[in-house]
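For reference, the structure is listed below as structure tokens.
Letters go in sequence order (proteins before strands), and every chain restarts at 1.
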Protein chains: 2
Amino acid sequence: MNIGKASEASGVSAKMIRYYESIELIPEVSRTAAGYRDYSDKDVHRLRFIRRARDLGFSVDQMSELLALWQDRDRASADVKRIALEHVAELERKAQQLMEMSETLSHLAGNCQGDSRPDCPIINELSEGWGSEKGDETAGSGCGSNKDKPED
Amino acid sequence: MNIGKASEASGVSAKMIRYYESIELIPEVSRTAAGYRDYSDKDVHRLRFIRRARDLGFSVDQMSELLALWQDRDRASADVKRIALEHVAELERKAQQLMEMSETLSHLAGNCQGDSRPDCPIINELSEGWGSEKGDETAGSGCGSNKDKPED
DNA sequence: GCTTGACCTTCCCATTGTGGGAAGGTTTAT
DNA sequence: ATAAACCTTCCCACAATGGGAAGGTCAAGC
């Protein structure tokens with residue numbers, strides 16, 4: 001099976017298949033006389049494993065570990081579980097971060113009239129800021145529209 | 001004020017300040033006779049604005065829009081609000097994605113013994129998968145440990 | 001057989017935002 | 001004067017992905 005078919009069958013783009021080969025996430029496959037890569041069902045199975053791992057947000061390094069465990073008939077499921085739970089923690093940490101940003105910002109937007117006037121608590125916060133490390137401004141919410149404008 | 005002081009005062013690394021200048025997010029500042037960049041308080045204020053926007057996850061393009069609005073004394077707060085709310089939607093979308101991954105994975109991990117035996121529902125799912133587009137396997141949860149091992 | 005289009009190959013470039021580091025000039029403090 | 005600490009530019013790297021060019025190959029139709 002050539003790379004196009006393998007791509008279709010696995011859901012991994014041909015570009016990425018070549019890339020995964022180049023970084024040695026997957027082994028080099030055999031070639032036809034003309035130099036075309038030739039994929040077996042087993043190769044495709046591995047690519048699908050990879051696609052699913054990527055869909056779960058695993059990095060290439062983690063996938064490399066998972067692939068090794070997959071092929072290790074003597075693996076301890078504890079090893080797989082550890083990788084998975086570390087990744088869960090990372091995913092939650094990132095999601096948490098995004099949601100904190102989102103909440104801060106939608107709170108600010110909630111206080112913004114969103115009309116044709118320039119006064120805007122979002123801009124004011126960006127300009128005066130919560131706890132700049134210099135901390136010498138501690139502006140409440142002056143809302144003086146352009147009172148802080150960099151007189152440009 | 002040289003770039004080191006401006007960096008310290010703004011919380012933006014010197015490297016990033018030069019980068020922001022190179023992509024024209026910020027204007028070129030004046031130079032000393034020796035060619036050192038020289039930052040005014042106004043420049044530092046702008047850098048702090050940028051740092052806060054970045055802390056809220058805004059992209060360089062969005063920051064560029066926000067900076068323009070900041071300097072526009074005739075801005076409509078609606079414009080700021082629109083950018084903010086679009087960004088909130090994006091943040092929520094990403095957070096949602098991460099949480100979906102996290103939930104799928106912690107569900108799988110919850111069913112994994114995590115002991116020294118090889119049998120592992122996480123590996124099984126990666127190997128057999130929910131709804132591979134070929135859809136010819138639809139494996140429930142055979143859990144045959146190495147029944148799908150690529151006989152390597 | 002020959003042409004055409006769809007495929008394959010490798011190689012290079014771009015992305016986003018950030019940092020590392022080298023080679024060389026400057027400032028500052030001892 | 002000398003050394004440390006800074007600045008300058010330039011290049012490289014990351015992670016994961018795609019775009020595209022230049023050239024070879026395969027399959028189908030005439």
Side-chain angles (χ1 to χ4, degrees), chain A residues 1-26 28-40 43-44 47 49-67 86-87 90-91 93-94 97-98 101, chain B residues 1-26 28-40 43-44 47-67 87 90-91 93-94 97-98 101:
Chain A
M1 181 180 338
N2 68 23
I3 201 172
K5 296 285 162 49
S7 168
E8 205 181 345
S10 66
V12 179
S13 73
K15 271 263 166 19
M16 290 313 296
I17 295 175
R18 295 194 196 97
Y19 170 70
Y20 290 147
E21 182 188 303
S22 78
I23 62 172
E24 296 180 281
L25 176 64
I26 57 180
E28 293 184 30
V29 292
S30 52
R31 303 279 185 131
T32 66
Y36 283 23
R37 289 175 180 78
D38 189 37
Y39 295 86
S40 68
D43 292 323
V44 170
L47 288 171
F49 183 101
I50 286 172
R51 189 185 59 70
R52 293 187 196 104
R54 279 230 47 80
D55 286 349
L56 286 174
F58 284 106
S59 70
V60 166
D61 279 351
Q62 288 171 319
M63 290 195 293
S64 187
E65 290 188 79
L66 290 171
L67 283 167
E86 280 171 11
H87 185 46
E90 179 72 3
L91 289 168
R93 198 185 55 76
K94 284 187 188 163
Q97 264 187 8
L98 294 178
M101 293 179 193
Chain B
M1 182 179 340
N2 68 24
I3 201 171
K5 296 285 164 48
S7 168
E8 205 181 344
S10 66
V12 179
S13 73
K15 266 301 242 256
M16 289 312 295
I17 295 175
R18 293 194 197 97
Y19 171 71
Y20 290 148
E21 181 187 303
S22 79
I23 62 172
E24 296 179 281
L25 176 64
I26 57 180
E28 292 183 30
V29 292
S30 52
R31 303 281 184 129
T32 66
Y36 283 24
R37 288 175 182 77
D38 188 37
Y39 294 87
S40 68
D43 293 322
V44 170
L47 288 171
R48 294 214 278 198
F49 183 102
I50 286 172
R51 189 185 56 71
R52 293 187 197 105
R54 279 230 48 80
D55 287 348
L56 285 174
F58 284 105
S59 70
V60 167
D61 279 352
Q62 288 171 318
M63 291 195 293
S64 186
E65 290 188 80
L66 291 171
L67 283 168
H87 185 45
E90 179 72 2
L91 290 168
R93 196 186 56 75
K94 286 187 187 160
Q97 265 187 6
L98 293 178
M101 293 178 193

State, with a plain yes or no, whether a side-chain heavy atom of [X] is found less than 4.5 Å away from one of [Y].
| X | Y | value |
| --- | --- | --- |
| A:Leu25 | A:Tyr19 | no |
| B:Tyr39 | B:Lys5 | no |
| B:Leu56 | B:Leu91 | no |

Original post:
Can you list the residues that meet the side-chain contact (heavy atoms from CB on, under 4.5 Å) rule with B:Gln97, with sequence neighbours excluded?
Top reply: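 B:Gln97 satisfies side-chain contact (heavy atoms from CB on, under 4.5 Å) with B:Arg93 only.
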Original post:
Relative to the 5' end of DNA chain C, which residue comes earlier, B:Ala33 or B:Phe58, by the nucleotide with the nearest heavy atom?
Top reply: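 Nearer the 5' end of the strand: B:Phe58.
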Spacing between [X] atom [atom1] and [N] atom [atom2], to the nearest angstrom:
| X | N | atom1 | atom2 | answer |
| --- | --- | --- | --- | --- |
| A:Asp38 | C:dC8 | CG | C1' | 13 Å |
| B:Gln62 | C:dG17 | CD | C1' | 14 Å |
| B:Glu8 | D:dC7 | CD | P | 10 Å |
| B:Leu25 | C:dT16 | CG | P | 13 Å |
| A:Arg31 | D:dT25 | CZ | C1' | 14 Å |
| A:Ile3 | D:dC26 | CD1 | C1' | 16 Å |
| A:Arg51 | D:dA16 | CZ | P | 17 Å |
| B:Met16 | C:dG17 | CE | P | 8 Å |

Just by distance, do the side chain of [X] and the backbone of [Y] share a donor-acceptor pair under 3.5 Å?
| X | Y | value |
| --- | --- | --- |
| B:Arg51 | B:Ser10 | yes |
| B:His87 | B:Gln62 | no |
| B:Asp38 | B:Arg31 | no |

**OP:** Ignoring backbone atoms, establish whether A:Tyr20 has a side-chain N or O less than 4.0 Å from OP1 or OP2 of D:dT17.
**Re:**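 Looking at the OP1 and OP2 atoms of D:dT17, one of them is under 4.0 Å from a side-chain N or O of A:Tyr20.
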**OP:** Give a yes/no answer on whether the side chain of B:Arg37 brings an N or O atom under 4.0 Å of OP1 or OP2 in D:dC7.
**Re:** no
Subject >> Residues in side chain to side chain donor-acceptor pair (under 3.5 Å) contact with B:Ser40, at least two apart in sequence or another chain >> reply: B:Asp43
Subject >> Residues that A:Arg54 engages under side chain to side chain donor-acceptor pair (under 3.5 Å), provided they are two or more places apart >> reply: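 Expected list: none.
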Original post:
Hey, does A:Thr32 reach any base, or is it just sugar-phosphate, or nothing, if we go heavy atoms under 4.0 Å?
Top reply: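 A:Thr32: no heavy atom of the nucleic acid under 4.0 Å.
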Subject >> Touch class at under 4.0 angstrom, heavy-atom based, for B:Arg18 against every strand present >> reply: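 If one applies the 4.0 Å heavy-atom cut-off, B:Arg18 turns out to touch a base.
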Nearest-0.5 Å distance, [atom1] of residue [X] to [atom2] of residue [Y]:
| X | Y | atom1 | atom2 | answer |
| --- | --- | --- | --- | --- |
| A:Phe58 | A:Glu90 | CZ | CD | 11.5 Å |
| A:Leu66 | A:Phe49 | CG | CZ | 5.0 Å |
| A:Leu67 | A:Ile50 | CG | CD1 | 5.0 Å |

For nucleotides 13-15 of chain D, list the nitrogen or oxygen atoms of the protein found under 3.5 Å from its nitrogen or oxygen atoms, one pair per line.
none

Which atoms of nucleotides 22-25 of chain C (N or O only) lie under 3.5 Å from a protein N or O atom, and what are those distances?
| from | atom 1 | to | atom 2 | distance (Å) |
| --- | --- | --- | --- | --- |
| C:dG25 | N2 | B:Tyr36 | OH | 2.7 |

**OP:** For the helix from C:dG1-D:dC30 to C:dT30-D:dA1, figure out the bend between the end axes, five pairs an end, and round to 10 degrees.
**Re:**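 Computed from the C1' atoms at both ends, the axes differ by 20°.
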